[in-house]
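Everything numeric in this text was worked out from a predicted model, so none of it was measured. Each residue takes its place number in the sequence, starting with 1.
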Amino acid sequence: MTPPGAKGDHAAALPTADEIAEFVEQSGGKATRRDIARAFKVKGDDRIELKRLLRQMADDGRLNKAGKRGLSKPGALPPVGVIDIIGQDADGELLAAPVSWKEETPPPRIICAPGKGRPGGAIGVGDRALARLNPIEGGAFEARIIKRLGQSAHQILGLYRRSGPKGGSGGGRIEPVDRRSKKELAVSKDDALNAADGDLVVVEMLPDRAYGLKRAKVKDIVGRIDDQRAISLIAVHSHGVPVGFSDEELAEAEAARLPELGVRTDLRDVALLTIDPADARDHDDAVWAEPDDNPKNKGGWVVIVAIADVAAFVRPGGALDKGAQTRGNSCYLPDRVIPMLPERLSTDLCSLREGEERPCLAVRMVFDAQGVKRDHTFLRGLMRSAAKLSYEDAQSAADGAPTAAAAPWAEKALQPLFAAYRAVAKARDGRAPLDLDMPERKIVLDKAGFVDEIALRERFDAHRLIEEFMIQANVAAAETLEAARTPLIYRVHDGPADDKMEALRSYLESVGYAWPKGGVVRAANFNAALAKARERDEAEMIGEVILRCQSQAVYAVDNLGHFGLNLRRYAHFTSPIRRYADLTVHRSLISAAGLGDDGLSDAEAEALAATADAISKHERRAMAAERDSVDRYVAAFLQDRIGAEFAARISGVTRFGLFVRLDDTGADGLVPVRSLGLEYFEHDETRHALVGELTGSTYRLGQKVRVRLEEATPLTGGLRFEMLTDPEPGDGASKKRRRRGPKPRGPAKPAKGKGGPRRKPR
């Protein structure tokens with residue numbers, strides 16, 4: 001077989017992503033990198049570019065990793081396979097997952113087609129079945145049940161409700177916390193594990209009967225629903241975030257001792273300041289600046305960024321190291337932090353606490369008057385933080401009205417820092433990183449742990465100062481390690497995929513934004529569109545679309561650069577207390593600069609690629625838990641406002657409904673497509689709109705609407721709204737309907753899918 005794009009026996013140009021995807025499909029859905037290189041006659045240095053292209057396709061979801069070097073068609077499932085029924089969607093249809101799924105990415109969405117179930121009743125949640133799997137729109141599959149195979153091994157987290165009077169023989173019922181699972185489960189008294197009414201429990205399914213509710217058995221009791229802390233507990237447990245530390249880890253942490261000065265550089269008299277959120281307990285970084293006295297660098301600045309020396313306490317291969325790698329990062333929830341390291345380290349020995357001596361790994365950077373970095377040097381030091389300031393404290397000094405905490409440092413420390421930042425900001429603006437400064441909201445809890453308010457996070461120059469100095473330190477780390485040819489884990493962010501860019505271009509043109517055709521896509525192109533959107537009061541709408549077309553930032557040993565920051569090389573170095581990636585970079589720097597014997601080990605260096613993949617997954621796990629926890633707190637905050645009306649914007653458009661974001665709280669919820677009236681609405685993916693088939697009327701992304709809250713479910717974090725605003729008028733039947741002709745009468749059934757906002761890549 002000659003693959004598309006192959007050119008006889010001569011070396012060919014790199015294949016396109018479409019050609020590679022077609023080749024993998026023609027190869028039975030799987031191929032190795034070597035297969036692809038041979039098929040397209042890619043040789044020599046072009047193999048590096050091919051590897052980069054394949055990695056980009058994997059990041060964009062166009063290929064899945066299969067084994068060490070294999071690649072497979074995304075969502076590839078056999079025509080017939082074994083599935084577990086794991087839940088129900090908002091329309092009551094059963095959702096399933098493949099039993100055998102060895103890919104690194106999540107399995108495709110499987111929707112069970114209506115049809116005959118087993119004798120005596122329909123198949124349901126907790127069943128395992130043999131099914132025919134047919135691809136449908138959106139990369140999902142439709143399962144047609146062939147045969148029920150028994151109960152699945154799927155475990156469910158739910159709320160236990162006792163049936164009948166206390167001490168009765170009725171047992172209880174389970175309300176699953178997963179918003180996709182709407183059916184209750186029955187638990188007998190003998191299978192309840194002495195669970196009390198209101199307990200959060202983990203259950204497994206029991207052999208089924210032909211009628212009545214599915215049966216389950218309690219395997220573990222994990223908390224109480226009337227405890228506000230249960231909101232985060234549900235999110236943590238649902239996503240498998242590791243909690244707590246082993247006895248070995250705690251013993252290592254207790255045995256840790258602060259190092260003496262020795263050969264370290266003495267930084268104790270340097271006025272290094274920590275600037276963090278007011279409620280921060282762990283302090284990774286401290287900063288200092290002064291004018292450069294070098295006459296050859298007139299108007300230049302010297303900046304020191306000092307970072308907690310976690311490598312001095314967490315040694316490769318030890319219990320603390322293994323535990324930190326398993327967690328990957330700290331997880332930040334509204335009511336708690338699940339730390340990567342025990343508090344003995346995270347908030348004490350490693351934390352750069354005010355007035356206390358702490359070991360650090362620091363970088364001294366020299367910038368010219370235009371903010372361009374001229375030189376940098378890494379050193380291992382001993383420091384004493386001069387002051388612990390909040391962002392508000394630091395900003396008050398910049399604004400000329402320092403708080404009591406900032407006043408002693410306003411002139412001698414904070415003024416030089418802000419002056420140096422203004423210089424560095426010039427270079428940043430010239431670099432033109434992606435300017436996606438999306439609004440963020442913070443959940444504020446009262447003393448009892450209940451939501452007091454949902455506030456918009458303020459953004460100060462003090463935030464930008466710390467961010468920019470951290471970025472510069474991260475760049476310096478990557479440059480030093482590359483120059484020393486020392487292995488490292490990069491933080492990479494690839495550019496948008498071609499198909500996503502084509503969709504974005506079509507959408508922007510449809511709403512009156514010009515976009516250059518052809519050429520290399522740069523962050524500056526997006527920034528021009530965002531600047532125009534701010535003038536039109538459409539920044540949030542355009543920002544959402546631009547954000548969704550971006551690739552996901554990940555950790556990798558191959559340097560793809562960082563598209564969002566517009567940097568050629570970038571490595572996370574500045575937060576080793578809460579990110580394992582940073583700890584590996586610290587160890588690499590210690591080895592490269594000869595700063596100790598506790599640097600990167602040979603075993604670690606060989607495993608860096610696997611480590612990068614693992615901590616990328618752990619980061620996504622923590623982000624999902626954080627997002628779900630916020631959703632549940634918001635639902636709890638709004639549950640006593642059922643029936644209230646809200647101003648909102650449409651923040652997402654899917655085949656099964658509209659996501660709306662409330663103006664006052666930023667809460668996101670769903671308006672199901674079935675509730676939009678009698679007209680059948682079709683999803684126009686290019687326009688990010690739902691279009692009425694008869695009238696052509698539309699609900700579009702970014703549209704201002706008014707909605708009524710119909711349902712708020714803290715247990716699942718779900719919010720459901722009713723649309724009160726009419727669609728924007730159209731010009732008659734939609735294009736699809738005109739092409740297809742009349743549609744048969746009868747109730748319309750919405751398609752299935754998944755949507756919603758994503759986070760800005762960093």
Side-chain angles (χ1 to χ4, degrees), residues 272-273 275 285-307 362-378 391 394-395 397-398 413-437 459-483 490-493 495 520-531 534 550 553 559-575 585 589 760-762:
L272 286 154
L273 306 177
I275 303 175
D285 56 86
V287 291
W288 168 90
E290 71 172 8
D292 190 3
D293 58 7
N294 185 347
K296 295 182 179 180
N297 189 28
K298 196 170 184 180
W301 294 91
V302 178
V303 175
I304 293 179
V305 173
I307 306 299
V363 56
R364 181 184 184 273
M365 298 176 287
V366 180
F367 299 92
D368 65 19
Q370 302 305 310
V372 177
K373 183 165 65 68
R374 297 179 53 163
D375 187 25
H376 69 265
T377 305
F378 281 91
Y391 287 113
Q395 190 63 41
L414 288 167
Q415 285 184 11
L417 274 170
F418 276 95
Y421 163 68
R422 286 190 290 271
V424 175
K426 294 177 187 176
R428 177 202 62 200
D429 294 343
R431 191 177 78 238
L434 186 60
D435 188 20
L436 262 178
D437 203 356
R459 286 275 293 168
F460 304 123
D461 278 345
H463 289 92
R464 298 180 181 92
L465 179 154
I466 294 299
E467 287 174 2
E468 191 58 31
F469 285 152
M470 297 306 112
I471 288 171
Q472 293 297 329
N474 289 337
V475 171
E479 289 176 345
T480 294
L481 294 175
E482 275 196 1
Y490 294 92
R491 179 66 165 179
V492 300
H493 179 221
V520 178
V521 177
R522 302 187 185 281
N525 301 130
F526 295 110
N527 292 342
L530 289 165
R534 283 189 279 270
Q550 302 300 313
N559 182 24
L560 304 180
H562 199 294
F563 177 84
L565 294 175
N566 199 12
L567 292 168
R568 294 178 61 187
R569 53 187 64 82
Y570 189 66
H572 274 166
F573 156 75
T574 54
S575 295
V585 170
L589 287 166
K760 176 180 176 182
R762 293 182 181 174

_Could you check whether any side-chain heavy atom of Tyr570 comes within less than 4.5 Å of a side-chain heavy atom of Val492, counting everything from C-beta outward?_
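The answer is no, as the side chains (C-beta and beyond) never meet within the 4.5 Å cut-off.
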_Residue pair Val305 / Gln472, side-chain heavy-atom distance below 4.5 Å_ =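 The answer is no, as the side chains (C-beta and beyond) never meet within the 4.5 Å cut-off.
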_Flag if over 12 foreign heavy atoms under 6.0 Å of CZ, Arg534_ =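 Counting other residues, nucleotides and ligands, CZ of Arg534 exceeds 12 neighbours.
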_Quick check on Arg428: does its CZ atom have over 12 non-hydrogen neighbours (other residues, nucleotides or ligands) under 6.0 Å away?_
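Correct, the count exceeds 12.
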*Pair Lys373-Glu479, salt bridge (charged side-chain N to carboxylate O under 4.0 Å, His left out): steps then yes or no*: CA-CA 12 Å; Lys373 183 165 65 68; Glu479 289 176 345; 2.8 Å; yes
*asked:* Apply side chain to side chain contact (heavy atoms under 4.5 Å, CB included) to residues Phe526 and Val521 and explain how you reach the verdict.
replied: CA-CA 9 Å; Phe526 295 110; Val521 177; 3.7 Å; yes
Would you name the heavy atoms of [X] and [Y] that are closest together and state the gap between them?
X	Y	result
Ala306	Ala362	CA-CB, 3.9 Å
Ala427	Gly371	CB-O, 3.3 Å
Val475	Arg569	CG2-O, 3.9 Å
Ala432	Ala523	O-CB, 3.5 Å

Once you round to the nearest 0.5 Å, how far does [atom1] of [X] lie from [atom2] of [Y]?
X	Y	atom1	atom2	result
His572	Ile471	NE2	CD1	8.5 Å
Ile304	Met365	CD1	CE	9.5 Å
Phe469	Leu465	CZ	CG	4.5 Å

*Using the side chain to side chain contact (heavy atoms under 4.5 Å, CB included) rule, take Leu436 and Leu530 through it: C-alpha gap first, then chi angles, then the decisive distance, then the call.*
CA-CA 8 Å; Leu436 262 178; Leu530 289 165; 4.2 Å; yes
Between the main-chain N or O of [Y] and the side-chain N or O of [X], is there a donor-acceptor pair closer than 3.5 Å?
X	Y	value
Asp429	Lys426	no
Gln395	Asp461	yes
Asn527	Asp435	yes
Asn566	Arg431	yes
Asp285	Ser575	no
Asn474	Phe573	yes

*asked:* Can you classify the ring geometry of His493 versus Phe563 as parallel (below 30°), tilted (30 to 60°) or perpendicular (above 60°)?
replied: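 Perpendicular: the ring planes of His493 and Phe563 meet at over 60°.
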*Partners passing side-chain contact (heavy atoms from CB on, under 4.5 Å) against Thr480 (at least two apart in sequence or in another chain)*: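 Only His376, Phe378, Leu589 meet the side-chain contact (heavy atoms from CB on, under 4.5 Å) criterion with Thr480.
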_Going by side chain to side chain donor-acceptor pair (under 3.5 Å), name the residues that satisfy it together with Glu290, two or more places apart in sequence or in a different chain._
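For Glu290 there are no side chain to side chain donor-acceptor pair (under 3.5 Å) partners, ignoring immediate neighbours.
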*Taking only residues two or more places apart in sequence, or in another chain, which ones meet Arg364 in a side chain to side chain donor-acceptor pair (under 3.5 Å)?*
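Listed in chain order: nothing, the list is empty.
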*Stepwise salt bridge (charged side-chain N to carboxylate O under 4.0 Å, His left out) test for Arg459 and Glu467*: CA-CA 11 Å; Arg459 286 275 293 168; Glu467 287 174 2; 2.6 Å; yes
*Taking it one step at a time, do Val302 and Trp288 satisfy side chain to side chain contact (heavy atoms under 4.5 Å, CB included)?*
CA-CA 8 Å; Val302 178; Trp288 168 90; 4.1 Å; yes
*Would Arg374 and Asn297 count as having a side-chain donor-acceptor pair, cut-off 3.5 Å?*
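Distance-only check passes for Arg374 and Asn297.
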*Passes side chain to side chain contact (heavy atoms under 4.5 Å, CB included), Trp301 versus Arg422? Steps please.*
CA-CA 11 Å; Trp301 294 91; Arg422 286 190 290 271; over 6 Å; no
